[in-house]
Amino acid sequence: MLAEKTRPADTARQPGRLRRFLDSDIGWSFCHTPVAWLSALMLALLVLSAFFAPLIAPQDPYDLAQIFIDKAEIPPIWQDGGEWPFLLGTDPQGRDVLSAILYGSRISLIIGFAAVMVSMLIGVSIGLIAGFHGGRIDNLLMRLGDTVLSIPTLLMAILVSAIFREMLPPALREPFSAVVLVLSIALTSWVQYARTVRALTMVERRKEYVLAARIIRVPATRIMGRHILPNTMTPVLVSATLSLGLAILSEATLSFLGVGMPITQPSLGTLIRIGNQYLFSGSWWLVVFPSLQLGLIVLSVNLLGDWLRDALNPKLR
């Protein structure tokens, strides 16, 4: 009875999730690494501003009723000719640059995150199958990965994007531009996950707990999903964090080349491509501010990924 009465008090004294995180090794490293929490803070501000763009942006760049052609190419507000509320100026269509950047950042972040998730799903699945079964299956899947790596990533992404676009009817190409971009980036970046998981799976499959599960005839899919996969996720998550910046850059590059997001749904790469056409006419803000936003996003992601890689490395503890 005494033990039962003390249980609520013991439960109340248990630290919360935030306190447990701060007391852990990775939490201590995060709090005592200025680069980590500064990059996390900057990334959080950029992500929140992008996803709350309808509440922050002066106008909706997709709503033609809010765009006025007589406000075209207004310079930033601190220059002569600048007008409120166009803090960063306007483009040749009269669209507010700040609003376009916030909405474009949301598209770039969604495409980059989705591409990393899809590529991680493909790579982890292939790596588990190749490392667990070995033999001909392993050779076939790894040669497929070598074939993908033998083609330049950008060229491969353009090729995959062109194939998917040709498969779609003309009326569906613009609505499915984001899906095509996600698939084209994911199908060119899954190999690194497959190789990492394959190497870890080949080590784990020889351990006693996996051998015991195979002896009692546990299905292979359950062994891979319930026993081996959790022990391979730490390096995969680090790799995914570092790959997020590359995925966002890949989307921006494809959009800049004209095979990404259309003008009606501009991402940061599309905005940079449009602004580059007016760079020598004096409208420098059309390309500088979207480029700066893209650089800040990628920089914060890369700095956070570098810290996470070092924090999860047991050799550096």
Side-chain angles (χ1 to χ4, degrees), residues 35 38-39 41-63 66-113 154 177-178 181 185 244-304:
V35 174
L38 283 175
S39 59
L41 178 61
M42 182 169 61
L43 181 61
L45 291 175
L46 293 172
V47 172
L48 290 176
S49 63
F51 283 92
F52 287 98
L55 303 177
I56 302 174
Q59 67 175 208
D60 184 355
Y62 304 139
D63 187 2
Q66 301 183 31
I67 299 175
F68 302 98
I69 194 65
D70 59 332
K71 302 294 184 180
E73 295 193 65
I74 295 177
I77 196 169
W78 59 84
Q79 285 193 339
D80 293 337
E83 295 183 14
W84 179 265
F86 309 116
L87 298 178
L88 303 182
T90 60
D91 64 6
Q93 286 76 39
R95 182 168 48 193
D96 178 52
V97 173
L98 176 60
S99 302
I101 289 175
L102 293 178
Y103 279 84
S105 299
R106 180 167 56 177
I107 294 176
S108 296
L109 287 168
I110 291 175
I111 292 177
F113 183 79
L154 184 58
S177 297
L181 271 177
I185 297 173
L244 178 58
L246 293 176
I248 295 174
L249 279 179
S250 298
E251 181 279 325
T253 303
L254 292 174
S255 297
F256 181 82
L257 294 175
V259 294
M261 296 302 295
I263 299 178
T264 56
Q265 305 174 36
S267 65
L268 290 177
T270 309
L271 295 175
I272 295 172
R273 175 170 61 88
I274 297 173
N276 188 57
Q277 301 173 2
Y278 299 90
L279 179 62
F280 296 103
S281 65
S283 301
W284 55 268
W285 57 89
L286 298 178
V287 66
V288 169
F289 293 126
S291 301
L292 182 61
Q293 177 81 347
L294 178 63
L296 288 176
I297 293 175
V298 175
L299 177 63
S300 59
V301 169
N302 288 342
L303 290 176
L304 194 60

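The basis for the numbers below is simple: all heavy atoms, side chains too, and nothing from hydrogens, waters or symmetry mates.
A heavy-atom distance below 4.5 Å is found between the side chains of Leu181 and Ser255. Counting heavy atoms from C-beta on, the side chains of Gln293 and Leu271 never come closer than 4.5 Å. When side chains are defined from C-beta on, Pro75 counts as touching Trp285, because their heavy atoms get closer than 4.5 Å. Side-chain contact between Ile297 and Leu268: present, with at least one pair of heavy atoms (C-beta onward) separated by less than 4.5 Å. A 4.5 Å side-chain heavy-atom check between Val97 and Leu87 finds every atom pair outside the cut-off. A heavy-atom distance below 4.5 Å is not found between the side chains of Leu286 and Ile274.
Remark: Asp91 engages Arg95 in a salt bridge (charged side-chain N to carboxylate O under 4.0 Å, His left out) (not counting sequence neighbours). Qualifying side-chain contact (heavy atoms from CB on, under 4.5 Å) partners for Asp60, counting only residues two or more places apart in sequence or in other chains: Tyr62, Asp63, Gln66, Tyr103. Here Leu102 pairs with Ser49, Ala53, Ile56, Ala57, Leu98 under the side-chain contact (heavy atoms from CB on, under 4.5 Å) rule; sequence neighbours left out. Under the side-chain hydrogen bond (donor to acceptor under 3.5 Å, both in side chains) criterion, Gln93 pairs with no residue at all, not counting sequence neighbours. In this structure, the side-chain hydrogen bond (donor to acceptor under 3.5 Å, both in side chains) partners of Ser99, at least two apart in sequence or on a different chain, are Asp96. Contacts of Ala50 classified as side-chain contact (heavy atoms from CB on, under 4.5 Å), with partners at least two apart in sequence or in another chain: Ser105, Arg106, Leu109. Every side-chain hydrogen bond (donor to acceptor under 3.5 Å, both in side chains) that Ser283 has, sequence neighbours left out, goes to Glu73. With sequence neighbours excluded, the residues satisfying side-chain contact (heavy atoms from CB on, under 4.5 Å) with Trp78 are Pro76, Leu88, Trp284, Phe289. Residues meeting the side-chain hydrogen bond (donor to acceptor under 3.5 Å, both in side chains) test with Thr90, sequence neighbours left out: none.
Closest heavy-atom contact between Gln265 and Met261: O-CB, 3.3 Å. Pairing each heavy atom of Gly245 with each of Val298, the nearest pair is O-CG2, 4.0 Å. Closest approach of Ile248 to Gly112, counting heavy atoms only: CG1-CA, 4.1 Å.
For the atom pair CG of Leu299 and CE of Met42, the computed distance is 5.0 Å after rounding to the nearest 0.5 Å. In this structure, Leu46 CG and Ile101 CD1 are separated by 11.0 Å, a value rounded to the nearest 0.5 Å. Note that the CG atom of Leu244 and the OG atom of Ser300 stand 9.0 Å from one another [nearest 0.5 Å].
When the shell of 6.0 Å around CZ of Phe51 is examined, it contains more than 12 heavy atoms from other residues, nucleotides or ligands.
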I would like to know whether Thr270 and Ile107 meet side chain to side chain contact (heavy atoms under 4.5 Å, CB included); could you show each step before the answer? CA-CA 11 Å; Thr270 309; Ile107 294 176; over 6 Å; no
Any chance you could lay out the side chain to side chain donor-acceptor pair (under 3.5 Å) test for Ser267 and Glu251, step after step, and finish with the verdict? CA-CA 8 Å; Ser267 65; Glu251 181 279 325; 2.5 Å; yes
From CA spacing to verdict: side chain to side chain contact (heavy atoms under 4.5 Å, CB included), Leu294, Ser108: CA-CA 9 Å; Leu294 178 63; Ser108 296; 5.7 Å; no
